[in-house]
Amino acid sequence: MTSFTPYSAFLGGTLIGLSAVLLMLFNGRIAGISGIFGGFLALRPGETLWRLAFIAGLIAAPLLYRGFGGQIPFAITPAAPLLIAGGLLVGIGTRMGNGCTSGHGVCGLARLSPRSLAATLTFMATGIGTVFVVRHLLGG
């Protein structure tokens, strides 16, 4: 990733934090995508519209960014079965951890939750270990 700039990271982080604050302020909900998506699949009355709007926003934002001439500086190259297996592992992990990186890392840490601190440290350590194994031991 050669096009990283601190400005884009700051803007992206600000927008993620702002969306989490607005969802909490106006809806009283935690902005963890695994919980939002999982609740969307459960089809609880009165819960569907805001969850659908949040997920639609996640899908629409990069499309709008690209539509206005923005460049996406990476491409996903692994085979579809590898992506599906990775997605399933992430899904199982988020259910076991009662949340994902966005829920624990953004919202949980902002609420000073010890459980979210433990989960976020675990996510980070696992990510660092995975990158080390894939890039340095497997040569990927």
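All residue numbers refer to positions in the sequence shown, counting from 1.
- At distances below 3.5 Å, at least one donor-acceptor pair connects side-chain atoms of H104 with backbone N or O atoms of G97.
- Annotation for S116 and G108: closest pair OG-CA, 3.2 Å, computed over non-hydrogen atoms.
- Residue R111 holds its CZ atom at 11.0 Å from CG of L109, rounded to the nearest 0.5 Å.
- Between the side chain of T94 and the backbone N or O of G91 there is at least one donor-acceptor pair closer than 3.5 Å.
- Tracing side-chain contacts under 4.5 Å through hydrophobic residues (I, L, V, M, F, W, Y), one never reaches L117 starting from M124; they form parts of separate clusters.
- With values rounded to the nearest 0.5 angstrom, L22 atom CG is found 10.5 Å from L15 atom CG.
- Proximity of L23 to I30: side-chain heavy atoms (C-beta onward) are nowhere separated by under 4.5 Å.
- Hydrophobic clustering (ILVMFWY, side-chain heavy atoms < 4.5 Å, transitive): L138 and F132 are in one cluster.
- Taken together through direct or relayed side-chain contacts under 4.5 Å among Ile, Leu, Val, Met, Phe, Trp and Tyr, F54 and L52 form part of one hydrophobic cluster.
- Annotation: the span from I84 atom CD1 to L89 atom CG amounts to 12.0 Å, rounded to 0.5 Å.
- In terms of heavy atoms, Q71 sits closest to Y65 at O-CE2, 3.5 Å.
- Here the shortest heavy-atom pairing between A31 and C107 reads N-SG, 3.5 Å.
- A distance-only check finds a donor-acceptor pair linking the side chain of R51 to the backbone of G35 [under 3.5 Å].
- L63 approaches I59 most closely through the heavy-atom pair CG-O, 3.5 Å.
- A continuous path of Ile, Leu, Val, Met, Phe, Trp and Tyr side chains, each step under 4.5 Å between heavy atoms, connects F37 with W50, placing both in one hydrophobic cluster.
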